[in-house]
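A short worksheet on the structure shown next.
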Amino acid sequence: MEPVIIVLVILVVLVFIALIKTIQVIPQASAAIVERFGRYTRTLNAGLNIVVPFIDTIRNRIDLREQVVPFPPQPVITQDNLVVNIDTVIYYQVTDARAATYEVASYIQAIEQLTVTTLRNIIGGMDLERTLTSREEINAALRGVLDEATGKWGIRVNRVELKAIEPPTSIQDSMEKQMRADRDKRAAILQAEGVRQSEILRAEGEKQSQILRAEGEAKAAALRAEGEAQAVRTVFEAIHAGDPDQKLLSYQYLQMLPKIAEGDANKLWIVPSEIGDALKGLSGAMGNFAPNNGGSAPKVPGQPTERREKPSID
């Protein structure tokens with residue numbers, strides 16, 4: 001009985017193993033390569049799959065999702081013989097599991113080496129300044145070459161990114177000095193432009209202020225002259241409306257004499273010839289008054305004007 005039990009146990013174990021090898025569950029976005037006696041048979045897609053145990057074997061399981069592979073910095077020589085280190089990141093996706101398994105031994109290593117050689121070809125035709133400012137151009141050229149070369153491997157390169165471009169330390173120091181000089185130059189230019197604009201605005205403001213001040217003074221002078229003219233007209237009309245006689249005019253003459261003689265610098269003042277008539281009229285109004293005691297009689301009408309010296313006060 002014991003040998004029979006042992007045989008039954010062995011048969012159960014073999015059946016269990018056969019079931020395990022027969023039923024293959026492939027996860028979503030994955031694929032498996034099946035070989036029969038070392039030869040490619042088919043590709044298992046996602047889901048439940050049945051294979052022949054002990055005859056069919058799973059050669060490779062491949063992830064069909066997009067993969068991201070960063071490559072270490074690679075030294076590349078530019079057209080002006082400067083060595084720069086470039087970090088790259090490749091985004092790729094396996095589209096044909098069979099080709100990725102049989103067309104290339106290791107597609108990751110193949111993509112890396114192809115990236116390095118392509119970078120050297122592209123950067124070798126650019127100088128340092130263009131290399132630092134042409135990331136998009138380098139990415140597009142690198143992606144085109146990689147996509148064309150990896151197509152037969154069953155791989156599609158979706159994106160290629162340059163993570164960093166590091167020039168030599170001496171070049172970095174020179175670039176920093178140049179950038180600092182450019183910033184100082186721009187700052188000086190902006191400051192000079194600000195001062196210039198400020199001076200222009202100040203000059204425009206002074207010009208506008210002078211124009212407005214001149215216009216105001218002109219308007220004020222015009223209004224003042226107009227007021228004086230109006231005052232003269234008013235006085236003239238008032239005098240004519242009042243019909244003044246000789247007595248009033250004589251009195252006005254006498255009132256104006258002190259104003260004519262005002263000022264210490266006046267050495268000479270003029271007495272009108274009509275002052276005689278004014279004095280006659282005034283004396284007649286005051287009761288036929290006649291100057292005596294050495295006084296001089298007023299001149300008659302028509303007598304020429306006398307020039308009298310004003311006594312100076314020392």
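The first residue in the sequence is number 1, and the count goes up from there. Only a predicted model underlies this, so the values are computations on that prediction, with no experimental measurement involved.
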Validation row: Glu137, Arg130 side chains within 4.5 angstrom (heavy atoms): yes
Indicate yes or no: at least one non-hydrogen side-chain atom of Ile77 is less than 4.5 angstrom from one of Leu82. no
I'd like to know if the side chain of Asp147 and the backbone of Arg143 have a donor-acceptor N/O pair within less than 3.5 Å. no
Please find the pair of heavy atoms, one from Ala29 and one from Ala46, that lie closest to each other, and give the distance. N-CB, 4.4 Å
Got a second to check how far Glu206's CD is from Leu201's CG, nearest 0.5 Å? 11.5 Å
Interatomic distance, CD@Gln93 vs CG@Leu64, rounded to 0.5 Å, equals 7.5 Å
Less than 4.5 Å apart, side chain to side chain, heavy atoms only: is that true for Val52 and Phe54? no
Can any side-chain N or O of Ser198 pair as donor or acceptor with the backbone N or O of Gly194 at less than 3.5 Å? no
Main chain of Asp56, side chain of Glu35: is a donor-acceptor contact present, judged purely on distance under 3.5 Å? no
Side chains of Ile33 and Ile58: closer than 4.5 Å at any heavy-atom pair? no
Verify, without hydrogens or angle tests, whether Thr78 (side chain) and Ile123 (backbone) share a donor-acceptor contact under 3.5 angstrom. no
Pairing of Asp63 and Arg65 as salt bridge, 4.0 angstrom limit: yes
Any side-chain heavy atom of Gln113 within less than 4.5 Å of one from Phe71? no
Of all heavy-atom pairs between Ile26 and Asn45, which one has the smallest distance, and what is that distance? CB-O, 3.2 Å
Same hydrophobic cluster for Val84 and Ile122, using side-chain heavy-atom links shorter than 4.5 Å among ILVMFWY? yes
Check for me, please, whether Val94 and Leu146 land in the same ILVMFWY cluster - side-chain distances under 4.5 Å, paths through other members count. yes
Establish, from distance only, whether the side-chain atoms of Asn158 and Glu66 form a donor-acceptor pair under 3.5 Å. yes
Run the numbers on Lys21 and Phe16 for side-chain contact (heavy atoms from CB on, under 4.5 Å), then give the verdict. CA-CA 9 Å; Lys21 288 185 172 294; Phe16 183 74; over 6 Å; no
Tyr107 and Val145: same hydrophobic cluster, using ILVMFWY side-chain contacts below 4.5 Å? no
Evaluate side-chain contact (heavy atoms from CB on, under 4.5 Å) for Tyr91 paired with Val157, printing each intermediate quantity in order. CA-CA 6 Å; Tyr91 297 81; Val157 177; over 6 Å; no
Hphob cluster co-occupancy, Leu114 + Val160, side-chain heavy atoms under 4.5 angstrom: yes
Determine yes or no for a side-chain-to-main-chain donor-acceptor pair under 3.5 angstrom, with Thr101 supplying the side chain and Ala97 the backbone. yes
With a 6.0 Å cut-off (strictly less than), is the heavy-atom count around CD of Gln230, excluding the residue itself, greater than 12? yes
To the closest 0.5 Å, what do you measure between CZ (Arg98) and CZ (Arg42)? 15.0 Å
With side-chain contact (heavy atoms from CB on, under 4.5 Å) as the test, would you mind laying out the steps for Leu119 and Ile138 before giving the verdict? CA-CA 8 Å; Leu119 270 178; Ile138 297 172; 4.0 Å; yes
Verdict with supporting geometry, Thr115 and Leu142, side-chain contact (heavy atoms from CB on, under 4.5 Å): CA-CA 7 Å; Thr115 301; Leu142 188 60; 4.0 Å; yes
State whether Glu103 and Lys152 are salt-bridged, where the test is any N-O pair (Lys NZ or Arg NE/NH1/NH2 against Asp/Glu carboxylate O) under 4.0 Å. no
Pairwise distance OG1(Thr22) to CD1(Ile17) - rounded to 0.5 angstrom: 11.0 Å
If two hydrophobic side chains count as joined below 4.5 Å and joins carry through other members, does Ile111 share a cluster with Leu162? yes
Salt bridge check: are Arg202 and Glu199 linked by an N-O gap of less than 4.0 Å? yes
Side-chain contact, heavy-atom cut-off 4.5 Å: Ile108 with Tyr92? yes
Is there a side-chain contact between Pro167 and Leu128 in this structure, where contact means two heavy atoms from C-beta onward sitting under 4.5 Å apart? yes
Drop me the distance from Leu8's CG to Ile10's CD1, to the nearest 0.5 angstrom. 9.5 Å
Answer yes or no: is there an ion pair linking Arg159 with Glu161, defined by an N-O contact shorter than 4.0 Å? yes
List the residues meeting side-chain contact (heavy atoms from CB on, under 4.5 Å) with Glu193, not counting sequence neighbours, and say none if there are none. Ile189, Arg196
Would you check if Pro72 and Glu112 make a side-chain contact, meaning some heavy-atom pair closer than 4.5 Å? yes
Arg213 vs Gln208, test: side-chain hydrogen bond (donor to acceptor under 3.5 Å, both in side chains). Steps then yes/no. CA-CA 8 Å; Arg213 189 180 299 112; Gln208 191 68 21; over 6 Å; no
Which distance, rounded to the nearest 0.5 Å, do you find between the CD of Glu217 and the CZ of Arg224? 9.0 Å
Of all heavy-atom pairs linking Pro75 and Pro73, the shortest is CD-O, 4.1 Å
